[in-house]
Amino acid sequence: MKKQFIAGNWKMNLTLEKAKALVKELCNGLADSEAVDVGIFPSFVYLKDICDILKGHNVFVGAQNMNMEKSGAFTGEVSGEMLRDIGCTHVIVGHSERRAIYQETNSMVNAKIKAALSNDLCPILCVGESQEERDADKTREIVEGQLSGGLEDLTSEQVEGLTIAYEPVWAIGTGKTATPEQANEVHAFIRNIIRSKYNDDTAQSIRIQYGGSVNSKNAKDLLGQPEIDGALVGGASLDSNSFLDIVSEAVKFS
Ligand code: 13P
């Protein structure tokens, strides 16, 4: 079994005071949870404060997005170097909200992954199909396209530094979770793609998280699936008790 990785994507939520309070609650509750990797992904403007609070604690801090360019005239954007500079270790890339609302393409996602890796940031690459795509039996085609595009020109060593998050769009923020079997099937498909593009070692070592309405009640069944190596949690990561409960479930499968 791999060490599970539970990540909290806070999206555009919380105030600075609430974010700091939540981090402190997590630190208290996580005292003996070294068996699992835990990461939180606050909004850009809170990252520095939260990195400072978490210095010396066993919790990763990452951004929800980044720009693919090194520096320059890109008003409003944040580079990988800037994230590294303030203490981030991770970054979410290609979240479905960024793909759908901000028209991020697979080639942009690929450029962001390369920029993240060149700044020693570990990317979490998000993939997943919409309800229409699932209904049209296109889940595999969509996920395969997102993986091929997102991972273009990456070596097996680079891919081993990545986490993949399978987040079916229809399960995000809807309370409608994929069944553990549905999720496990797509995870196995993703791992097979990695195996055929790279090799068995890479496929075995890469962690594949599930995301989409994960909560303290369904975490056990999802994380208990053989192909599921963690969770990317949205709504339930905004409450310390729910998030800590999910981490506790993950401890049983690490
Ligand atoms: P929810 O857990 O709120 O469905 O969000 C999932 C998600 O998008 C995490 O990136």
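On a predicted model such as this, the values are computed, not experimentally measured, just so you know. Numbering of ligands and ligand atoms starts at 1, following listing order.
- Short contacts between ligand 1 and K11, defined as distances under 4.0 Å to a heavy atom of the residue, involve ligand atoms 5 (O), 6 (C), 7 (C), 8 (O).
- When all heavy atoms of G150 and V109 are compared, the pair lying nearest together is CA-CG1, 4.4 Å.
- Using cut-offs of 30° and 60° for the angle between ring planes, the F5 and H90 rings count as perpendicular.
- Ion pair D153/K114 flagged as a salt bridge, since at least one NZ, NE, NH1 or NH2 atom sits closer than 4.0 Å to an Asp/Glu carboxylate oxygen.
- W10 and I50 make their closest contact through CZ3-CD1, 3.6 Å (heavy atoms, listed as atom of the first residue, atom of the second, distance).
- Nearest protein neighbour of atom 2 (O) of ligand 1, counting heavy atoms only, is G234 N, 2.9 Å.
- Contact annotation: for I172 versus ligand 1, heavy atoms closer than 4.0 Å belong to both the backbone and the side chain.
- Close N/O approach between G235 and ligand 1 is found [any backbone or side-chain N/O within under 3.5 Å].
- Where the criterion is an N or O separation shorter than 3.5 Å, residue side chain and backbone included, E167 meets it with respect to ligand 1.
- Heavy-atom contacts of S213 reach the following atoms of ligand 1: 1 (P), 2 (O), 4 (O) (cutoff under 4.0 Å).
- The distance criterion of under 3.5 Å between nitrogen or oxygen atoms is not met by A236 with respect to ligand 1.
- Close approach of ligand 1 to L232 (heavy-atom distance below 4.0 Å) involves ligand atoms 9 (C), 10 (O).
- Between R99 and E104, none of the side-chain N atoms (NZ, or NE/NH1/NH2) sits under 4.0 Å from a carboxylate O, so this pair counts as no salt bridge.
- Close approach to A171 involves these atoms of ligand 1, each under 4.0 Å from a residue heavy atom: 4 (O).
- Considering both main-chain and side-chain atoms, T174 never comes within under 3.5 Å of ligand 1 through any nitrogen or oxygen pair.
- Residue contacts with ligand 1 leave out G211, since none of its heavy atoms falls under 4.0 Å from the ligand.
- The only member of N65, V78, L83 that meets side chain to side chain contact (heavy atoms under 4.5 Å, CB included) when paired with V91 is L83.
- Minimum heavy-atom separation, V36 to A250: CG2-C, 3.7 Å.
- Other residues, nucleotides and ligands contribute more than 12 heavy atoms inside 6.0 Å of the CG atom of N28.
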